[in-house]
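Notes follow once the structure below has been shown.
Ligands are counted one by one from 1 in listed order, and the atoms in each one are counted from 1 as well.
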Amino acid sequence: MEPVEPIRFFLPGPTYVPQAARQAMTQPVVAHRSPSFQETYATVAEGLQRVFRTAGEVVVATGSSTLMMESAIVSTVERKVLHLTGGAFSERWLEISRCLGKAADQVAVPWGQGIDPELVRQALRRGSYDVVTVVHNETSTGVMNPLEEIARVVREESDALLLVDAVSSLGGAPVEVDGWGLDVVVTGSQKALAVPPGLALVSLSARALERCRALPHRGFYTDLLRYADKHRGGGTITTPAVSVVYALEHQLARIGAEGLEERWRRHRQLARQVATWARRAGLTLAAADGVRSATVTCLEAPAGWTPRQLLGRLAEDGWTVAGGYGQWKPKTFRIGHMGEVRATDLEPLLAALDQLLADPVWSA
Ligand code: PLP
């Protein structure tokens with residue numbers, strides 16, 4: 001594997017993109033229906049099946065993940081959605097349904113808690129839904145929801161499709177599309193795959209495609225069936241972000257060389273490294289025990305500091321760390337450890353934080 005530059009960029013997306021992936025983007029831009037691009041697309045399609053762990057189709061859309069969260073609702077919901085919420089991105093999905101005029105219920109847990117599969121079971125016994133939506137990794141709170149268990153409950157209790165936002169987990173934590181029976185899974189290029197922003201990647205189960213077929217008025221850019229049909233013909237529905245596809249091709253090969261399971265293990269180890277440091281430094285982890293994310297850690301700001309002051313001081317020394325998100329913006333900050341981050345990148349960041357926290361001028 002090619003050497004990695006030291007990383008000083010710890011956002012939970014967009015993430016650091018390795019130099020060789022950036023270089024891959026300098027290849028000449030070719031026509032997206034040309035044989036040369038079709039070859040690239042075929043390689044990418046196979047690589048995506050490996051990281052999504054599916055024998056089914058994984059389509060490539062140019063746009064951000066939110067486009068595909070919306071497309072999934074447009075393409076599969078006739079009557080009603082059940083949204084599992086507990087953070088900003090799951091609430092965004094609910095808002096999308098409301099913007100589209102879809103009937104929507106929610107199972108809401110407090111921010112920082114994981115979704116309890118038994119609450120999902122009860123909701124499915126009370127109502128009937130076309131789809132259930134879940135955010136696997138709530139980037140706003142640092143919670144990773146028990147996706148496998150939730151998927152099992154949805155299957156046991158209903159015919160609803162399960163739509164999954166795996167935007168900030170896929171490639172960094174186990175997501176078994178076929179093994180867990182996930183119908184639509186959305187991720188973005190700019191997170192754990194460590195590719196620049198610009199592409200959304202979506203797996204589609206046979207059941208999901210059947211549902212799309214039965215539903216009229218799925219829009220054009222939002223029609224998942226159109227993506228699947230074009231994909232089968234070897235390409236995308238419109239002109240794709242060709243250069244970002246080159247970077248994705250590179251990163252899929254890199255992930256293959258590292259080994260997907262090894263990549264999951266590395267991410268889990270990074271989360272442990274941050275949690276151990278936080279406890280020692282006396283900081284509070286914002287996500288509950290047992291549901292902490294492998295790819296991002298959300299922390300309450302240390303006493304005497306606002307997140308803004310802390311991140312400002314880190315930035316002066318060249319470190320990029322994320323602030324809180326949504327309603328937690330005033331009190332938390334987030335360390336993204338997804339993509340290509342290694343223990344040896346985190347060590348100096350955590351040491352820099354230690355030094356700041358010990359600084360009597362700033363901690364006064
Ligand atoms: N879902 C999750 C969990 C996210 O973390 C993000 C972005 O941070 C999104 C959805 C939205 O992604 P995008 O900005 O690519 O539309």
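Regarding atom 6 (C) of ligand 1, its nearest protein heavy-atom neighbour is Phe89 CE2, 3.3 Å. Protein heavy atom nearest atom 1 (N) of ligand 1, with residue, atom name and distance: Asp165 OD2, 2.5 Å. Considering only non-hydrogen protein atoms, atom 12 (O) of ligand 1 sits nearest to Ser65 CB, 3.6 Å.
Under a 4.0 Å criterion applied to the non-hydrogen atoms of Thr139, ligand 1 contributes the atoms 2 (C), 3 (C), 4 (C), 5 (O). Atoms of ligand 1 lying under 4.0 Å from any heavy atom of Asn137, numbered from 1 in the order shown and given with element: 3 (C).
On a distance-only criterion, Lys191 and ligand 1 share at least one N/O pair closer than 3.5 Å. The shortest N/O to N/O separation between Glu138 and ligand 1 does not fall below 3.5 Å.
Ser90 and His83 are not linked by any side-chain donor-acceptor pair at a separation below 3.5 angstrom, with hydrogens and angles left out of the test. Checking His32 against Thr236 by side-chain atom types alone, no donor-acceptor pair falls below 3.5 Å. Between the side chains of His231 and Tyr41, a donor-acceptor pair is found at a separation under 3.5 Å. Judged purely by distance below 3.5 Å, without hydrogens or angles, the side chains of Thr222 and Ser71 never pair a donor atom with an acceptor atom.
Between Trp180 and His136, the two ring planes are perpendicular [angle over 60°; tilted spans 30° to 60°].
A cation-pi geometry, defined here as NZ or CZ lying under 6.0 Å from the six-membered ring centre and within 45° of its normal, holds between Arg226 and Phe220.
Residue contacts with ligand 1 for Leu67 are absent, since no atom lies close enough (heavy atoms, distance under 4.0 Å). The side chain of Val167, and not its backbone, has at least one atom closer than 4.0 Å to an atom of ligand 1 (non-hydrogen atoms only; side chain from C-beta on).
By the 6.0 Å contact criterion, CD on Glu39 is open, its count of non-hydrogen atoms from other residues, nucleotides or ligands being 12 or less.
Ligand 1 is approached by Ser64 to a heavy-atom distance shorter than 4.0 Å.
When the heavy-atom distances from atom 11 (C) of ligand 1 to Arg92, Met69, Met68 are ranked, the shortest goes to Arg92.
Under 4.0 Å is where a charged nitrogen must lie from a carboxylate oxygen, and between Arg126 and Asp105 no such pair does.
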